[in-house]
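Below, all heavy atoms of this structure are taken into account, side chains as well, without hydrogens, waters or symmetry copies. Numbers restart at 1 for each chain; the letters A, B, ... are given by sequence-line order, proteins then strands.
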There are 2 protein chains.
Amino acid sequence: MRRVVHPPAEQINLAEVLSALGDPIRLEIVKVLSDGREHVQPDFVVPVGQSTLSYHMKTLRDAGIVFSRPEGTRCFVSLRAELEQKFPGLLAAVLRSTRPSAAERA
Amino acid sequence: MRRVVHPPAEQINLAEVLSALGDPIRLEIVKVLSDGREHVQPDFVVPVGQSTLSYHMKTLRDAGIVFSRPEGTRCFVSLRAELEQKFPGLLAAVLRSTRPSAAERA
DNA sequence: ACCTATCATCGACGATTATCGATTAAGGGG
DNA sequence: CCCCTTAATCGATAATCGTCGATGATAGGT
């Protein structure tokens, strides 16, 4: 795999994080990652082509939300731990809001 | 004031809320509103012109984050209560993340 | 060496965004 | 009535975004 870049933790900023989370496809990706384990691209079942998925991964990576670990021909993606350090409870609140109960609460 | 429209609570959706919050200027507006009181546009000190501020207000309104109450020649803006009903703790987590301590936690 | 799999990058495209200045709408106040 | 204030809307513009198909990079397998 080509090497990917991750921003240093100190330059993760809230607006960019929220902006990155403000997309249904990226929200779905984060939801899958919320089991705390590593996933590869085929794990995310989203209605876009491979290159677009890769673009969304880069967006999440650039925002400091996910960490990509290339290994061999695959790329393992997981939630980035520094996010919780920096914005405690934020991701949890977002994930709670994605659950069906939130939709019913109309 | 011209009349403004608010989306019904049941069609407030998470991605749009996060997307609306994913902008430094709108984040600042929400921060000011977090005192729970009503505010008028001049209360928000942001580095944009009046028409742009009005545009950001509309974005927040369309996302279901703020409520605008026209009265006479002014327009009183406040956080929309339904947001907390629908996504409990979300706004609180975001606001906590805007505090300086979050930046230090690099 | 060659083929295959996985994923990043490129070039293109239409759609959306953030911005401005100017205008319009609506409501006071003299 | 005629101004003044507040804020929404309009038209324009440059920049960014989300998408695609095609190509490139890297590693494994045979």
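- Closest approach to the A/Lys58 side chain among C/dG21, D/dG18, C/dT9 is made by C/dT9 (side chain taken as heavy atoms from C-beta onward).
- Rounded to an integer number of Å, the gap from A/Leu53 CG to D/dG18 P is 13 Å.
- If you check every strand for non-hydrogen atoms under 4.0 Å, A/Pro70 touches nothing.
- Residue A/Arg69 contributes atom CZ, which lies 14 Å from atom P of D/dA27 at whole-angstrom precision.
- Distances from the side chain of B/Ile25 to the nucleotides D/dT5, C/dA8, C/dT19 place C/dT19 closest.
- Taking each heavy atom of A/Asp43 and A/Val32 in turn, the nearest pair found is O-CG1, 4.4 Å.
- By the 4.5 Å heavy-atom criterion applied to side chains, B/Val40 and B/Phe76 are counted as neighbours.
- Under the 3.5 Å distance criterion, the side-chain polar atoms of B/Ser54 are left unmatched by any main-chain donor or acceptor of B/Ser51.
- Contacts of B/Arg2 with the nucleic acid, taken as non-hydrogen atoms under 4.0 Å apart, include base atoms.
- Remark on DNA chain C: of its neighbouring residues A/Tyr55 and A/Arg74, the 5'-side contact belongs to A/Arg74, judged by nearest-heavy-atom nucleotide.
- With rounding to whole Å, B/Leu27 atom CG is found 13 Å from C/dA18 atom P.
- The interatomic distance linking B/Asp23 (CG) with D/dT16 (C1') rounds to 13 Å, in whole Å.
- Looking only at distances, no side-chain donor or acceptor of B/Asp62 sits under 3.5 Å from a matching main-chain atom of B/Thr59.
- Put simply, CD1 on A/Ile29 is 11 Å from P on D/dG18, counting in whole angstrom units.
- Listed pair A/Gln50 / C/dA5 fails the phosphate criterion, with no side-chain N or O lying under 4.0 Å from OP1 or OP2.
- Across the protein-nucleic acid pair, B/Asp43 atom CG and D/dA7 atom P stand 9 Å apart, rounded to whole Å.
- Residue B/Val48 has its side chain nearest to C/dC20 when only C/dA5, C/dC10, C/dC20 are considered.
- Nearest to the side chain of B/Val40, among D/dA8, C/dA18, D/dA7, sits D/dA7.
- In this structure, the CG atom of B/Asp62 is 12 Å from the P atom of C/dA18, given to the nearest Å.
- Nearest-nucleotide positions on DNA chain D for B/Gln41 and A/Gly22 put B/Gln41 closer to the 5' end.
- With C/dC20, D/dT6, C/dA18 as the choices, the nucleotide that has an atom nearest any side-chain atom of B/Met1 turns out to be D/dT6.
- For the pair B/Phe44 and B/Met57, the minimum side-chain heavy-atom distance is below 4.5 Å.
- At distances below 3.5 Å, not a single donor-acceptor pair connects side-chain atoms of A/Lys31 with backbone N or O atoms of A/Leu95.
- When distances are taken from the side chain of B/His56 to each of D/dA22, C/dT19, C/dA8, the shortest belongs to C/dT19.
- Whole-Å rounding puts the A/Glu16 CD to D/dT16 P distance at 13 Å.
- Contact between the side-chain N/O atoms of B/Arg3 and the OP1/OP2 oxygens of C/dA25 is not found at any separation under 4.0 Å.
- Distances shorter than 4.0 Å separate some side-chain N or O of B/Thr52 from OP1 or OP2 on C/dC20.
- In terms of polar N and O atoms assigned as donor or acceptor, the side chain of A/Thr73 never comes within less than 3.5 Å of the base of D/dG28 in a complementary pairing.
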